[in-house]
Q: 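One structure is given below, represented as structure tokens, and several questions about it will come after.
As the structure is a computational prediction, the values presented were derived from the model and not from experiment.
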Amino acid sequence: MSSTPAADRPSVLFVCVHNAGRSQMAAAFLTHLAGDAVEVRSAGSAPADTVNPAVVEAMSESGIDVSAETPKVLTVEAVRASDVVITMGCGDTCPVFPGKTYLDWKLDDPAGQGVDAVRPIRDGIEGHVRGLLADLGVKPRP
């Protein structure tokens with residue numbers, strides 16, 4: 001597998017409130033599907049202590065382990081270092097810089113939901129991530 005230099009690959013930041021559900025799933029799918037072709041970050045405007053257990057379970061059903069991930073606080077530096085910033089219900093807390101691409105994905109919040117409610121959110125996120133890969137011109141890994 002060839003390594004892509006950091007300067008030649010797009011950088012994507014996923015942001016939600018707690019960085020415990022939607023943004024974790026999106027980052028995991030993008031990392032899983034793009035490998036090292038995309039630099040991936042996720043953060044939350046008010047990060048939780050841990051990733052939502054229903055999210056961990058739903059992602060494991062897709063063959064992706066997010067159990068070791070930890071929610072991270074959104075920083076100005078993370079936004080500045082990203083080419084594409086994708087928000088998922090974080091409202092106006094995300095700093096805006098000129099020259100960045102901003103997308104807002106309308107997704108249900110998995111907070112407090114069981115795995116049955118998280119599965120359709122997970123599947124919707126995977127669809128969005130696959131569309132993002134196409135937009136970035138990155139072929140998904142099998």
Q: If I take atom CG from residue D116 and atom CD from residue E57, how far apart are they, to the nearest 0.5 angstrom?
A: 8.5 Å
Q: For A37 and R9, which heavy atoms make the closest approach, and how far apart are they?
A: O-CB, 3.1 Å
Q: Hey, are the side chains of V51 and P71 touching, using non-hydrogen atoms and a 4.5 Å cut-off?
A: yes
Q: Does any N or O in the side chain of K139 come within less than 3.5 Å of the main-chain N or O of G137, such that one atom is a donor and the other an acceptor?
A: no
Q: Give, for atom NE2 of H18 and atom CG of N52, the distance between the pair rounded to the nearest 0.5 Å.
A: 10.0 Å
Q: In Å, rounded to the nearest 0.5 Å, how long is the span from NE2 of H32 to CE of M59?
A: 8.5 Å
Q: D104 versus M88: any side-chain heavy-atom pair under 4.5 Å?
A: no
Q: Does T50 form a side-chain contact (heavy atoms from CB on, under 4.5 Å) with T70? I'd like the steps, not just the answer.
A: CA-CA 6 Å; T50 60; T70 55; over 6 Å; no
Q: Tell me, do W105 and V129 make a side-chain contact under 4.5 Å, heavy atoms counted?
A: yes
Q: Is there a side-chain contact between F29 and L132 in this structure, where contact means two heavy atoms from C-beta onward sitting under 4.5 Å apart?
A: no
Q: Rounded to the nearest 0.5 Å, what's the gap from CG on D108 to CD1 on I125? Could you check?
A: 10.0 Å
Q: Can I121 be reached from V115 by stepping across I, L, V, M, F, W or Y side chains whose heavy atoms are under 4.5 Å apart?
A: no
Q: Is V76 linked to V85 within one hydrophobic cluster, defined over Ile, Leu, Val, Met, Phe, Trp and Tyr using a side-chain heavy-atom separation of less than 4.5 Å?
A: yes
Q: Please find the pair of heavy atoms, one from G21 and one from V55, that lie closest to each other, and give the distance.
A: CA-CG2, 3.7 Å
Q: Side-chain contact, heavy-atom cut-off 4.5 Å: S23 with V15?
A: no
Q: How far does CZ of R141 sit from OG1 of T31, to the nearest 0.5 angstrom?
A: 9.0 Å
Q: Between K100 and D83, is there a side-chain N and carboxylate O pair less than 4.0 Å apart?
A: no
Q: What I'd like to find out is whether the side chain of V12 reaches to under 4.5 Å of the side chain of L136, using heavy atoms alone.
A: yes
Q: Report yes if the side chains of M25 and H128 come closer than 4.5 Å at any heavy-atom pair, otherwise no.
A: no
Q: For R122 and A58, indicate whether the former's side chain and the latter's backbone hold a donor-acceptor pair under 3.5 Å.
A: yes
Q: What are the two closest non-hydrogen atoms of P47 and S45, and how far apart are they?
A: CD-C, 3.8 Å
Q: Look at the side chain of Q24 and the backbone N and O of N19, then say whether any donor-acceptor pair between them is shorter than 3.5 Å.
A: yes
Q: I'd like to know if the side chain of R41 and the backbone of F14 have a donor-acceptor N/O pair within less than 3.5 Å.
A: no
Q: With a 4.5 Å cut-off on side-chain heavy atoms, are E39 and P10 touching?
A: no
Q: If every non-hydrogen atom of S82 is compared with every non-hydrogen atom of A78, which pair is closest and at what distance?
A: OG-O, 2.7 Å
Q: How many angstroms lie between CG in L13 and OG1 in T75, if you round to the nearest 0.5 Å?
A: 8.0 Å
Q: Do I86 and V138 share a hydrophobic cluster (ILVMFWY, side-chain heavy atoms under 4.5 Å, transitive)?
A: yes
